Amino acid sequence: MRKQIAAANWKMNLTFQQGEKLLDDIFDAGIDLATHQQVIFAVPFPYLLMTRSETEEVKNYEVAAQNCSDKDSGAYTGEVSAEMLHSLAVNFCIIGHSERREYFGETNSLLSEKVNQCLKFNITPIFCCGESLAIRESGIQNEFVQTQLRESLFHLNEENIKRIVIAYEPIWAIGTGKTASSAQAQEMHAHLRSVLAKQYGNGIAKDISILYGGSVKANNAKELFGCPDVDGGLVGGASLVAKDFIEIIRSLK
Ligand code: 13P
């Protein structure tokens, strides 16, 4: 059975102390996760160790980085490699968030290298895809996300594709308060799963978790996560508020 996941993406927010307090407040809620559920905190690099030690005591709570280098090691000032993350026992990493694609020029082919780096060091990539408003309005969103998958993931063999988590994040819904309707989310998630099925077969496609991201809030998570092909969410703004994220965790199937 594929995992149902509530992933927090803190982006570049919170001081170290605020981050610690947020985690404490979330853990104070004492939510026990079922075997098929996972909560993942994608935090800024300097908070990884603190977050790892807060999460390692609690079953199915995990820590993620928000990015890693496409290179092994060397003279790349300011970069962080997948091997470094692995050496901190970080098991997840967001790859290809739309903000990195837009502000840091990350392309599908660069992202395929980052995916490879993660897998080489046993890190599960949370691979983001999703279209802009202009693309949605021109009605070619399905082809657009399909290309993102094909160019960044479809070089993987069956063993490795199973290790990927996908996050569908329509750019027009990120930080805008304009959530995709549950019908729009379900339609795209079913499309993504059918694209995976065509490439790798049904058996594999049905085991891959596909998260929805874009203005997931405490008051819409239950409906979104209730869609058959939506396996939880990648949450920005609402993951910075303990009571909201607690409610989102409680909305997991
Ligand atoms: P918001 O939940 O703030 O819209 O952000 C979504 C996102 O980008 C998560 O990665």
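It should be emphasised that the depicted structure is a prediction, and the values quoted were computed from it without experimental measurement. The chain is numbered in sequence order, starting from 1.
Counting heavy atoms from C-beta on, the side chains of Asn91 and Asn122 never come closer than 4.5 Å. Two residues are said to be in side-chain contact when any heavy atoms from C-beta on lie closer than 4.5 Å; Pro46 and Phe16 fail this criterion. With a 4.5 Å cut-off on side-chain heavy atoms, Thr124 and Cys118 do not count as touching. Between Gln38 and Leu33, the closest side-chain pair of non-hydrogen atoms is not below 4.5 Å. Here the side chains of Asn160 and Arg163 are in contact, with some heavy-atom distance below 4.5 Å. Residues Ile40 and Val63 form no side-chain contact, since every pair of their non-hydrogen atoms from C-beta on lies 4.5 Å or further apart. Looking at heavy atoms from C-beta onward, Pro125 lies out of side-chain contact with Val165 at the 4.5 angstrom threshold. Counting heavy atoms from C-beta on, the side chains of Phe27 and Thr55 come closer than 4.5 Å.
Side-chain heavy-atom separations under 4.5 angstrom define the hydrophobic clusters, and Ile171 shares its cluster with no other residue.
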Might you work through the side-chain contact (heavy atoms from CB on, under 4.5 Å) test for Ser98 and Ile174, ending with a clear yes or no? CA-CA 9 Å; Ser98 58; Ile174 295 178; 3.3 Å; yes
Using salt bridge (Lys or Arg N to Asp or Glu O under 4.0 Å), reason through Lys243 and Asp25 one step at a time and then give a plain yes or no. CA-CA 8 Å; Lys243 74 170 176 22; Asp25 289 347; over 6 Å; no
Audit row: Ile249, Ile26, side-chain contact (heavy atoms from CB on, under 4.5 Å) steps and yes/no: CA-CA 10 Å; Ile249 297 171; Ile26 291 168; 4.0 Å; yes
Ile210/Arg193 under side-chain contact (heavy atoms from CB on, under 4.5 Å): CA gap, chis, key distance, verdict: CA-CA 8 Å; Ile210 308 179; Arg193 207 176 299 286; 3.9 Å; yes
side-chain contact (heavy atoms from CB on, under 4.5 Å) between Phe41 and Phe245: does it pass, once the steps are laid out? CA-CA 11 Å; Phe41 296 100; Phe245 195 60; 3.7 Å; yes
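Note: Leu149 CG to Ile161 CD1 = 7.0 Å, rounded to the nearest 0.5 Å. Once rounded to the nearest 0.5 Å, the distance linking CZ of Phe121 with CE of Met84 reads 10.5 Å. For the atom pair Tyr76 OH and Ser81 OG, the distance stands at 11.5 Å (nearest 0.5 Å). Taking OG of Ser209 as the reference point, atom NE2 of His36 lies at 10.0 Å (rounded to 0.5 Å). If you take NZ on Lys114 and NZ on Lys71, they are separated by 9.0 Å, rounding to the nearest 0.5 Å. We find the CD-CG distance between Gln141 and Leu133 to be 10.5 Å, quoted to the nearest 0.5 Å.
Between Tyr212 and Phe225, the ring center distance fails the sub-6.0 Å criterion.
More than 12 heavy atoms of other residues, nucleotides or ligands lie within 6.0 Å of NZ in Lys59, so this atom counts as buried by the packing criterion. Around CD of Gln199, the count of heavy atoms belonging to other residues, nucleotides or ligands within 6.0 Å exceeds 12.
For the side-chain contact (heavy atoms from CB on, under 4.5 Å) with Leu153, the lone residue among Val195, Leu196, Ile166 that qualifies is Ile166. The one candidate from Lys3, Lys206, Arg2 that meets the salt bridge (charged side-chain N to carboxylate O under 4.0 Å, His left out) condition with Asp231 is Arg2. Shown are Gln148, Arg150, Arg101; of these, the side-chain hydrogen bond (donor to acceptor under 3.5 Å, both in side chains) with Asn108 is made only by Arg101.
Cluster annotation: Phe92 is not connected to Leu119 through the hydrophobic network of ILVMFWY side chains, with a link wherever side-chain heavy atoms come within less than 4.5 Å. Hydrophobic clustering (ILVMFWY, side-chain heavy atoms < 4.5 Å, transitive): Leu85 and Trp10 are in one cluster. Under the 4.5 Å side-chain heavy-atom criterion for Ile, Leu, Val, Met, Phe, Trp and Tyr, Phe45 and Ile94 are members of distinct hydrophobic clusters. Placement of Ile123 and Ile208 within a single hydrophobic cluster is found when ILVMFWY residues are connected by side-chain heavy-atom separations under 4.5 Å, directly or transitively. Residues Ile5 and Leu23 do not share a hydrophobic cluster, clusters being chains of Ile/Leu/Val/Met/Phe/Trp/Tyr side chains in contact below 4.5 Å.
Checked by atom type, the side-chain pair Gln66/His97 shows no donor-acceptor distance below 3.5 Å. Ser182 and Glu223 share a donor-acceptor pair across their side chains, judged by distance under 3.5 Å alone.
Without hydrogens or angle criteria, Arg100 side chain to Glu106 main chain gives no donor-acceptor distance under 3.5 Å. Formation of a donor-acceptor pair under 3.5 Å by the Gln184 side chain with backbone atoms of Ser181 is found in this model.
Counting only residues at least two apart or in different chains, ring-ring contact (aromatic ring centres under 6.0 Å, His included) contacts with residues 146-202 comprise Phe154-Tyr200, Tyr168-His189.
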